[in-house]
Number of protein chains: 2
Amino acid sequence: MDLRQMRYFLALAEERNFTRAAARLHIAQPPLTRQIRALEQALGSVLFLRTPKGVELTEAGHALLDEVPNLLALAQRARDRAQLAGQGRTGRLDVGIFGSGIFDVIPRLLARFHAERPDVRIVLHNHTKAEQIEALRERRIAIGFNRLVPAENDLVVETVLREKLVVALPENHRLARRRKLALADLDDEPMILYPKQPMAGLAQRVIQAFTLDDVRLRIEQEVEDVLTGIALVVGGFGFCITTESSTNLRLPGVAYRPLDCEHLRDIELACLYRKGDTSPVLAAFLEIVRGSPKRRARKISGTRHLIRESRQ
Amino acid sequence: MDLRQMRYFLALAEERNFTRAAARLHIAQPPLTRQIRALEQALGSVLFLRTPKGVELTEAGHALLDEVPNLLALAQRARDRAQLAGQGRTGRLDVGIFGSGIFDVIPRLLARFHAERPDVRIVLHNHTKAEQIEALRERRIAIGFNRLVPAENDLVVETVLREKLVVALPENHRLARRRKLALADLDDEPMILYPKQPMAGLAQRVIQAFTLDDVRLRIEQEVEDVLTGIALVVGGFGFCITTESSTNLRLPGVAYRPLDCEHLRDIELACLYRKGDTSPVLAAFLEIVRGSPKRRARKISGTRHLIRESRQ
DNA sequence: AACGAACGATACCTCGACGGTATGGGAGGC
DNA sequence: GCCTCCCATACCGTCGAGGTATCGTTCGTT
């Protein structure tokens, strides 16, 4: 019993005439006769009564006819789903994100991917750098975004873009009148440092630059995420060095000024995924990621559809 | 894409190893490799990643694996149902019955059939003789029971049994003291005649016999069914000639005595069905019907399971 | 009553596909 | 470095699918 016989059976059951059913199936009448007979023998039941005017269904035929359309529909669905999944048009993409990365480029990438592959479910996971690497190895996520990612031999790290750094400071701060700032301008100014704890990539770089340029560092507060940092800036606690994409975080009373510094020129945003991952969904997403830099000037928009899960 | 490939796919997806899956399928490994590749080409999606240690499922493979067990189960169910229906082990039997036929042999036949074929739904339809014939032609019933059925050229009439006739009369009637009665004993006695209207088979025969034997007929009441007739006997309106199987209708105050009459010896109970009806359910039921006479001495029992519908 | 049309069954043929055996090639493990 | 395991490839025989031609039966028509 195979699917071809099921299709033949259905055609004959509907046409109630071998000749017409064969025509509909684009085969000659004798092969149809033979296939139906083979099916009847396989089942051990007569399915059709042959009459001079055509055929009619027996009870066994009716019983089978009750099932066959479901069967064929299910087969079609199985085929469709496998095809769609194979093209990466359906399925799911688990993405690891981190605190300050969620303001500009990542939501835009996800929005574009969603527009292209509306049937792929995007699931976001907030992870620190170390957690992302672990989650990738355990296949809980397919791709992660982070900054200053160390090389790992089972993971691929691709730089998505390099972001300039900016200084966030109170609008009424005396330095806010300047169009751009050098590191020396920040000498001994109260500073809000972040991230404090989770894989201190940016903070480390900032401290390093201050040391290299021999500028005095006065850490007023240490915080764990940008949002808190900027909130403290609004509160007048000091300035904060952050990435350009954070300027999307427009809070009243805060001003952003470009930072011009040789040792702290820009900071990379990278994505990382498993070496040898053949997932078509991932491949499609990486295409979006790689094609992105050209159009990165736009602002956040249309990200409402995103599913956000702290952890799956 | 056919069911064989689905079975192969499932085996490989479960074993995650071509060699073992092939062994499980009782084929060599190369044909399995070829079938899987053919399936992948048909779908246009890679289903398995070949690794040195075996294979693992791709996303397309997982998507297909979600569907395949359902598909195979449905195919199996379709096959089973068609087979069962073909053997007459499932399905439905619509039976036409009539008033006085429901007391003895028909319920026994139905009970025996139900015991043998518990998955066949038996549906009873109360019909007069003419209605039964019409219902048979319109395929609303597969078999009918009746008495004194005229020959029809598209229907088969088979005598199920010949029933002796009895006289039902009040217990305290003077004739009730006799062990058996002749027609002459009923001369000018008040009589309850049935059936009055629906195809007066028995009534006609009774009148005919009285005429032939030159016995005076005094029709006190004409009724349409046995039950009413016997009820009137209980009420003392007169006697009633009915079939032996009616004696199962034990009402207080009524006595049944065999009728000994040359011209009214017995009356046949026949079943009728469509000529050329190949229904396996019907065939199975007819076997029961034909095998019945040998054991017809038993009383009614176990008929509670019957579905009774006045009309479907 | 004989003929023709319609329909399914049968006979026979060709070719493609399935399964089998033998063998190749690549990755890990002792 | 060799052995083992696993999948892929090459080649062969057989079975089965579909095609054409034709037959037998049953209607309806002439």
Side-chain angles (χ1 to χ4, degrees), chain A residues 1-43 45-58 60-61 64-65 72 75 153-154 274-278, chain B residues 1-43 45-58 60-61 64-65 72 75 153-154 274-278:
Chain A
M1 194 175 97
D2 66 5
L3 289 178
R4 175 182 32 205
Q5 289 177 330
M6 295 295 106
R7 287 191 304 112
Y8 287 10
F9 168 82
L10 188 60
L12 181 56
E14 284 176 2
E15 295 289 343
R16 285 176 157 67
N17 175 307
F18 271 90
T19 313
R20 281 201 306 275
R24 196 172 109 180
L25 294 165
H26 304 110
I27 61 170
Q29 169 257 317
L32 178 58
T33 295
R34 229 177 318 123
Q35 288 297 330
I36 294 297
R37 198 145 41 102
L39 178 60
E40 288 179 328
Q41 283 176 356
L43 293 175
S45 307
V46 177
L47 298 170
F48 295 98
L49 287 178
R50 279 72 167 173
T51 70
K53 289 175 297 196
V55 296
E56 55 188 49
L57 286 161
T58 62
L64 189 58
L65 185 57
L72 293 179
N153 65 2
D154 56 342
R274 283 183 297 279
K275 200 173 280 186
D277 190 336
T278 58
Chain B
M1 193 176 98
D2 66 6
L3 289 179
R4 175 183 30 210
Q5 289 177 332
M6 295 297 104
R7 287 190 303 112
Y8 287 10
F9 168 82
L10 188 60
L12 182 55
E14 285 176 2
E15 294 289 343
R16 285 174 156 69
N17 175 309
F18 271 89
T19 311
R20 280 201 306 273
R24 197 172 107 178
L25 294 165
H26 303 110
I27 61 171
Q29 167 258 318
L32 178 59
T33 295
R34 231 179 313 125
Q35 289 296 332
I36 295 296
R37 198 147 41 103
L39 178 60
E40 289 180 327
Q41 283 175 356
L43 294 174
S45 306
V46 177
L47 298 171
F48 295 97
L49 287 178
R50 280 72 165 172
T51 70
K53 288 174 295 193
V55 297
E56 55 188 51
L57 286 161
T58 62
L64 189 59
L65 185 57
L72 293 178
N153 63 4
D154 57 341
R274 284 183 296 279
K275 199 173 281 184
D277 190 335
T278 58

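Residues A/Phe48 and A/Glu40 are in side-chain contact: their nearest non-hydrogen atoms beyond the backbone lie under 4.5 Å apart. With a 4.5 Å cut-off on side-chain heavy atoms, B/Leu43 and B/Leu64 count as touching. Taking the side chain as every heavy atom from C-beta outward, A/Met6 and A/Leu10 never approach each other to under 4.5 Å. Taking the side chain as every heavy atom from C-beta outward, B/Leu65 and B/Leu47 never approach each other to under 4.5 Å. Looking only at side-chain heavy atoms (C-beta outward), B/Lys53 and B/Asn17 stay at 4.5 Å or farther from each other.
Atom C1' of nucleotide D/dC7 and atom CZ of B/Phe48 are separated by 13 Å, given to the nearest angstrom. Summarising the geometry, the separation between NZ on B/Lys53 and C1' on D/dC7 is reported as 15 Å, rounded to the nearest angstrom. Going from atom CG of B/Leu3 over to atom P of C/dC18 covers 14 Å, rounded to whole Å. Distance A/His26 NE2 to D/dG19 C1': 16 Å, rounded to the nearest Å. For the pair B/Arg16 CZ and D/dC7 C1', the computed distance is 17 Å after rounding to whole Å. In this entry the distance linking CD of A/Gln35 with P of C/dG8 reads 16 Å, nearest Å. A/Ile27 places its CD1 atom 14 Å from the C1' atom of D/dT20, with the value rounded to the nearest Å. Between the CG atom of A/Leu32 and the C1' atom of D/dA17 there is a distance of 13 Å, rounded to whole Å.
Across all strands shown, B/Pro31 has heavy atoms under 4.0 Å from base atoms, whether or not it also approaches the sugar-phosphate. If you check every strand for non-hydrogen atoms under 4.0 Å, A/Gln29 touches a base.
Contact annotation: A/Thr19 side-chain N/O to C/dG8 OP1/OP2 distance is under 4.0 Å. Taking only side-chain nitrogens and oxygens, A/Arg4 comes nearer than 4.0 Å to OP1 or OP2 of D/dG18. Taking only side-chain nitrogens and oxygens, A/Thr33 comes nearer than 4.0 Å to OP1 or OP2 of C/dA9.
Shortest non-hydrogen contact noted between B/Ala22 and B/Leu32 is N-CD2, 3.5 Å. Nearest heavy-atom pair, A/Val46 versus A/Thr58, reported as atom, atom and distance to 0.1 Å: O-OG1, 2.7 Å.
DNA chain C lies under 4.0 Å from at least one heavy atom of each of the following residues of residues 7-15 of chain B: B/Tyr8.
Each of A/Ala28 and B/Phe18 has a nearest nucleotide on DNA chain D; the 5'-most of these lies closest to B/Phe18. Judged by closest nucleotide on DNA chain C, A/Val55 is the one of A/Val55 and A/Arg34 placed further toward the 5' end.
We find that B/Arg24 and B/Glu15 are joined by a salt bridge, their nearest charged nitrogen and carboxylate oxygen being less than 4.0 Å apart.
Of the candidate nucleotides D/dA17, C/dG8, D/dC7, C/dG8 has the atom lying nearest to any side-chain atom of A/Arg50. Nearest to the side-chain atoms of B/Arg37 among the listed nucleotides D/dG19, C/dA9, D/dT9 stands D/dT9. For B/Pro52, counting side-chain heavy atoms from C-beta on, the closest listed nucleotide (D/dC27, C/dG28, D/dA8) is C/dG28.
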